[in-house]
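All chains are named by letter (A, B, ...) in the order of the sequence lines, taking the proteins before the strands, and each is independently numbered beginning at 1.
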Amino acid sequence: MTDTKTRKWEQKQVQIRTLEGEFSVTMWASGTDD
Amino acid sequence: DKKTVPDLINTYEWTHQLSQAGFIAAPVSCFKHAPMADSWDNITVGMKVEVENTDCDNFSEDFPDSFWVATVLRIAGYKALLRYEGFGQNDAKDFWVNLCSSMVHPVGWCATRGKPLIPPKTIEDKYKDWKDFLVKRLTGARTLPSNFYNKVHDNLKSRFRCDLNLEVVDKNKISQVKVARIEKIVGKRLHVCYYDARPDDNDFVRKEELSGNSSTENKCTRRTNKLRRYCQPPEGFWCHEDSPLIHPVGWAKRVGHKLDAPREYIDHCAKGLRDKDDATEDLFPLPYYVPAGCVPFEAGMKLEAIDPLNLSAICVATVKKILNEGYLMIRIDSYDDESATTSDSDWFCYHMTSPCIFPVGFCEMNDLPLRPPKDYSPETFTWTDYLTLTGARPAPAHFFNREIPNHNFMLGMRLEAADLMDPRLICVGTVSRVIGRLLKIHFDGWEEDYDQWLDCESPDIYPVGWCQLVAHKLEGPPSPMKN
């Protein structure tokens with residue numbers, strides 16, 4: 001999904017690892033991944 | 001640790017200044033030639049990153065290094081003030097980092113390397129459920145793209161390589177270019193060595209070889225001597241790869257500029273031949289195309305120009321010769337009489353679109369001091385009388401580049417700038433005036449005599465943190481003790 005306001009930001013699932021275990025969160029990353 | 005590199009010993013750290021009231025760094029996006037400038041607007045306050053957690057037990061067999069999430073609180077050039085997530089309003093462990101350094105990672109980086117996030121000791125008992133806390137804090141927040149460091153790395157690469165030959169303005173005779181070879185590249189700044197360089201060659205213009213500008217020669221020598229007390233001895237000549245002082249092999253012949261080169265080089269160029277180590281045109285910024293016969297300037301026209309030998313002065317100047325492709329040879333009228341110098345040795349080549357040349361009246365219109373011709377004083381000089389006396393025509397205002405980019409530089413902004421009288425030195429500086437696209441850069445701690453007028457798109461100015469990023473030494477303000 002892309003931020004329609006700026007078209008610069010992309011929503012992505014980010015993996016987090018803690019001592020208790022691993023989970024994912026949804027964050028925005030600036031759209032330079034391509 | 002870059003500080004252990006011999007070249008970086010005593011490099012200046014901005015850290016103690018960054019948090020001072022009123023400190024404003026020019027944003028990275030102002031410097032088009034700087035790494036990441038085109039995407040820096042995406043780096044924002046509130047962004048989350050993963051960084052080393054220094055608030056932890058020194059050693060754990062299971063986890064030799066510890067990481068945690070931090071929030072960007074402030075941005076100053078490439079530097080960012082970070083606060084570990086969970087500290088709330090507690091600023092006790094806030095710290096500045098260079099966002100482009102390998103110590104800062106996008107959120108998610110640790111998991112991809114199997115490293116768990118470990119909360120800092122100060123807050124480890126603050127929450128029972130860190131997962132719940134992190135989900136709340138991170139969901140919907142912004143972070144760096146996962147390829148951020150690949151981008152940084154790509155952005156740091158020079159178009160040039162060592163051993164390439166090119167034509168460089170001769171620092172000892174500014175009216176000619178000289179064949180030179182690239183010796184070293186640091187942060188897209190090229191260390192070039194003239195083909196006939198002597199082992200003791202220095203960056204600053206040598207006193208006995210300067211043609212008629214005694215104030216400049218003393219200034220260069222004085223400053224270099226001051227700095228030499230705590231710097232390595234200077235060698236060779238430095239300039240940025242986008243500098244207008246460097247040109248591809250064959251440029252001088254093409255535009256009709258004076259060239260100092262070995263016989264075989266001249267023969268080589270005359271035959272249109274190229275060597276594998278010759279820098280070609282595609283490596284240089286695209287020149288402004290001026291069709292033959294479309295240069296409106298004429299020899300003898302008067303104008304105002306930044307003195308290439310003393311960048312703190314804007315001077316009365318004369319167009320001496322028209323070269324091909326829109327290049328002009330210009331002479332500063334305050335230099336010693338031409339008859340007293342070696343003919344045209346102090347002419348300097350500016351392109352007709354250069355932002356460093358101005359129409360007659362530019363200084364007056366902007367309330368700037370104008371250095372008058374030799375034997376005139378600023379109090380008595382008037383353009384009207386001078387033009388009448390010399391019978392010269394002023395170059396009309398519409399001949400000049402009047403475009404003012406939306407550059408966003410503002411008075412008081414801090415930056416890092418090359419000292420163009422000794423360009424191996426990058427110093428801490430401040431924007432002290434903004435006139436359209438023209439910036440006056442003041443070197444912190446030095447007298448105003450050392451200020452430099454530079455264009456807002458000059459490749460010789462950099463954001464705070466650039467030197468650290470490219471591993472170039474940064475010269476701090478001179479300390480009173482050392483002076």
Side-chain angles (χ1 to χ4, degrees), chain A, chain B residues 36 38-44 46-50 53 56 60 62-63 66-69 72 85-86 99 105-119 124 127-152 154-155:
Chain A
M1 187 189 288
T2 304
D3 180 339
T4 50
K5 271 187 189 168
T6 62
R7 298 193 181 276
K8 282 180 184 171
W9 293 89
E10 287 165 4
Q11 212 169 34
K12 58 189 289 182
Q13 288 295 112
V14 175
Q15 208 66 17
I16 305 292
R17 188 183 172 109
T18 66
L19 291 172
E20 290 77 33
E22 213 164 308
F23 55 95
S24 70
V25 293
T26 308
M27 296 188 77
W28 293 95
S30 51
T32 55
D33 273 353
D34 44 285
Chain B
M36 307 303 287
D38 57 349
S39 54
W40 202 256
D41 284 342
N42 293 339
I43 307 297
T44 55
M47 197 170 229
K48 313 286 181 187
V49 291
E50 290 178 351
N53 171 11
C56 65
S60 151
D62 295 333
F63 308 110
S66 171
F67 292 86
W68 189 240
V69 179
V72 174
E85 206 55 65
L99 274 176
H105 311 280
V107 174
W109 179 86
C110 284
T112 62
R113 277 156 184 76
K115 295 171 186 287
L117 295 172
I118 300 171
E124 65 184 349
Y127 298 97
K128 282 200 177 91
D129 188 348
W130 282 106
K131 178 187 167 184
D132 184 54
F133 171 80
L134 287 174
V135 168
K136 279 183 184 151
R137 296 294 296 170
L138 298 181
T139 300
R142 290 175 170 188
T143 190
L144 301 169
S146 55
N147 66 346
F148 184 71
Y149 291 100
N150 295 338
K151 286 262 173 190
V152 173
D154 289 349
N155 273 241

Rounded distance (nearest 0.5 Å) linking atom CE of A:M27 with atom CE of B:M47: 8.5 Å
Partner set under salt bridge (Lys or Arg N to Asp or Glu O under 4.0 Å) for B:D38, not counting sequence neighbours: none
Separation between CG of B:D129 and CD of A:E20, rounded to the nearest 0.5 Å: 7.5 Å
Per-residue contact mode, B:L138 against chain A (heavy atom under 4.5 angstrom): both
Partner chain A: residue of B:P119, B:P106, B:A111 with the largest heavy-atom pair count (under 4.5 Å): B:A111
Atom pair CG/OG of B:D41 and A:S30 - distance to nearest 0.5 Å: 11.0 Å
Side chain to side chain, B:L134 and A:V25, heavy atoms closer than 4.5 Å: no
Partner residues of B:E85 under the salt bridge (Lys or Arg N to Asp or Glu O under 4.0 Å) criterion, sequence neighbours left out: B:K48, B:R137
Greatest number of heavy atom pairs closer than 4.5 Å to chain A - which of B:T143, B:I43, B:T139: B:T143
Distance in Å, A:F23 CZ paired with B:D132 CG, rounded so as to fall on 0.5 Å steps: 9.0 Å
